[in-house]
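Everything on this sheet refers to the single structure shown next.
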Amino acid sequence: MTTEYDVIVIGAGAVGENVADRAVQGGLSTAIVEAELVGGECSYWACMPSKALLRAGEVVRAAQNVDGAKQAVTGSIDPAAVFARRDSFTSNWDDSGQADWVKGAGIDLVRGHAVFTGVKQLTVTASDGTVTELRARHGIVVSTGSVALLPDIPGLAEAKPWTSREATSAKSAPARLTVVGGGVVACELATAYASLGTTVVLVSRGGLLANQEPFAGELVADALRDLGVTLKLGASPSEVRRDDAGIVRTTLQGGEVIESEEILVATGRLPRTGDLGLETIGLTPGDWLTTDDTLLVLGDDGRPLDGEWLYATGDVNHRALLTHQGKYQARAAGDVVAARATGKPLATAPWGRHAATADHEAVPQVTFTDPQVASVGLTAAAAEKAGYRIRVVDYEIGNVAGASVHTDGYKGTARMVVDEDRKVVLGVTFVGPDVQELVHSATVAVVGEVPLSRLWHAVPSYPTISEVWLRLLETYGRDDSA
């Protein structure tokens, strides 16, 4: 017996939940299929637990950097309390609260692993072996996310390395931790565990945060060294072995050996599409699902599948591997499915309601190291590669009055990338304490393509760190004719 719904979503993470919610609001009967925990990676193994692990160290250092407050910081971080607080954010990996939300939103939850058996058709196998046949009248949305990439290093798999999942769900901090990678996950978790008292060695074949402006990685590297992290940049493991006593020995190219209780591998992500039965609908298992801006999956010919019924949102489409960007796509996709199902017109032009336009050149991101890195839009290098004629404006945030009050010896940099032909902002990067709260103003400027001449009239309150906007514009030079 097959159960039919207007739309079926595979994956009940934050992205899938948003797709399903929008589809229900659009008047469609909706089911969501989940093989693990409702709430997904962000709730239990990524965004929330990692930020909970980072927060205590950030707060203590913030107090230590303000004279008068630092004298009150006489103790050290309590790792057990940090892990307990982390557990509260993951609800101890109990998804009943989120499952209740799904039900309350009018979405049917089907637990189990989904496999395509044909166009608009799925078989879902539950953990107890129960099989459910599902069929979608209008669309299926794949929101299965991504998994950690394990590089092909001799002995690595056998050494049972940590990925981000194990690192964010650990019950205690190891005495020593080797981190392999130089991206966001590697830098954040190196910060978190160093704050908890772990001796951390970070190994990266390049610099840190390579996709950000160069100064971002440099400032984060300095901060990690200040935390006691040993950086091995321009280095790669050639072999990893865990001995009978549980000690991991990581041999670098060149022969140096690093010993630690655990090794965390954070070198990239792979799409969670290998076991969905994609071959039955003409797609390749294990591939990213390429989409257009309405989130319709495209075949090898670059066209949507016949019937325009298959969608992909979140990490699995490789557009922007960020929870907030996946939720943005989810809102668009849910609205698209509902509009197509009910015959309503679609607004698919750039920046229309049914187009995920921001994925291309207006993606905001925060790296929660200490200092934080907050950015949106294009870096200078990316803008030049895209063919824009640009001007780059830098300003030291510590020279802003609000920053000097906020933190003694405030150290940070702001960069604005300007499209010289249109006189609008293409990208902004802030690095410094608490700059994460600045990024949305930059996002509005980039998405809104606000002319610099109009930005002059957006007056920052004094004394706040936001006054850096005025300093960036002053450094650029006022041009009333822009």
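The backbone N or O of Leu28 sits less than 3.5 Å from a side-chain atom of Thr30, completing a donor-acceptor pair. At distances below 3.5 Å, not a single donor-acceptor pair connects side-chain atoms of His318 with backbone N or O atoms of Pro271. Of the possible polar contacts, none joining the Thr267 side chain to the Gly181 backbone as a donor-acceptor pair under 3.5 Å is found. Counting only distance, with no hydrogens or angles, the side chain of Thr198 and the backbone of Ala194 share no donor-acceptor pair below 3.5 Å. Although no hydrogens or angles enter the test, the distance criterion places no donor-acceptor pair under 3.5 Å between the side chain of Gln212 and the main chain of Leu209. Side-chain atoms of Thr357 never come within 3.5 Å of backbone atoms of Pro350 as a donor-acceptor pair (strictly under, hydrogens ignored). With Ser204 contributing its side chain and Gly206 its backbone, the two residues share a donor-acceptor pair below 3.5 Å.
The side chain to side chain contact (heavy atoms under 4.5 Å, CB included) search around Ser238 returns Thr251, Gln253, not counting sequence neighbours. Taking Arg241 as the reference, Glu239 meet the side-chain hydrogen bond (donor to acceptor under 3.5 Å, both in side chains) condition, with sequence neighbours excluded. For Thr191, there are no side-chain hydrogen bond (donor to acceptor under 3.5 Å, both in side chains) partners at least two apart in sequence or on another chain. In terms of the side-chain hydrogen bond (donor to acceptor under 3.5 Å, both in side chains) criterion, Asp244 has no residue partners (sequence neighbours excluded).
Sorted by first then second residue, the salt bridge (Lys or Arg N to Asp or Glu O under 4.0 Å) pairs that include residues 275-303, not counting sequence neighbours, are Asp293-Arg319. For residues 88-103, every residue pair satisfying the salt bridge (Lys or Arg N to Asp or Glu O under 4.0 Å) rule, not counting sequence neighbours, is listed here: Asp95-Arg111. Identified under the salt bridge (Lys or Arg N to Asp or Glu O under 4.0 Å) test for residues 199-219, with sequence neighbours left out: Glu213-Arg415. Judged as a ring-ring contact (aromatic ring centres under 6.0 Å, His included), not a single pair has a partner in residues 98-126 (not counting sequence neighbours). Among residues at least two apart or in separate chains, there is no salt bridge (Lys or Arg N to Asp or Glu O under 4.0 Å) pair with a member in residues 116-130.
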Quick one: side chains of residues 39-49, donor-acceptor pairs under 3.5 Å with protein atoms, not counting sequence neighbours, listed by atom name and distance.
unit_1	atom_1	unit_2	atom_2	d
Glu41	OE1	Arg165	NE	3.3
Glu41	OE1	Arg165	NH2	2.9
Glu41	OE2	Arg165	NE	3.0
Ser43	OG	Gly39	O	3.1
Ser43	OG	Gln98	NE2	3.0
Tyr44	OH	Val38	O	2.7

Check residues 429-441 and write down every donor-acceptor pair under 3.5 Å in which the side-chain atom is one partner and the other belongs to a residue at least two apart or another chain.
unit_1	atom_1	unit_2	atom_2	d
Asp434	OD2	His406	NE2	2.6
Ser441	OG	Leu438	O	2.6
Ser441	OG	Trp469	NE1	3.0

Contacts under 3.5 angstrom, residues 52-59 side chains, donor-acceptor by atom type, not counting sequence neighbours:
unit_1	atom_1	unit_2	atom_2	d
Arg55	NH1	Glu58	OE2	2.5
Glu58	OE1	Gln372	NE2	3.3

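Taking a cutoff of 4.0 Å between a charged side-chain nitrogen and a carboxylate oxygen, Arg22 and Glu17 do not qualify as a salt bridge. Taking 4.0 Å as the cut-off between side-chain N and carboxylate O, Glu158 and Arg242 do not count as a salt-bridged pair.
Using a 3.5 Å distance cut-off with no hydrogens or angles, the side chains of Tyr193 and Glu262 do not pair a donor with an acceptor. Side-chain contact check for Arg269 and Ser146: at least one donor-acceptor pair (N or O, by modelled atom type) lies under 3.5 Å.
Pro364 is listed as a side-chain neighbour of Gln325, based on a closest heavy-atom distance under 4.5 Å.
The two atoms that bring Ala173 and Leu196 nearest to each other are CB-CB, 4.2 Å, heavy atoms only.
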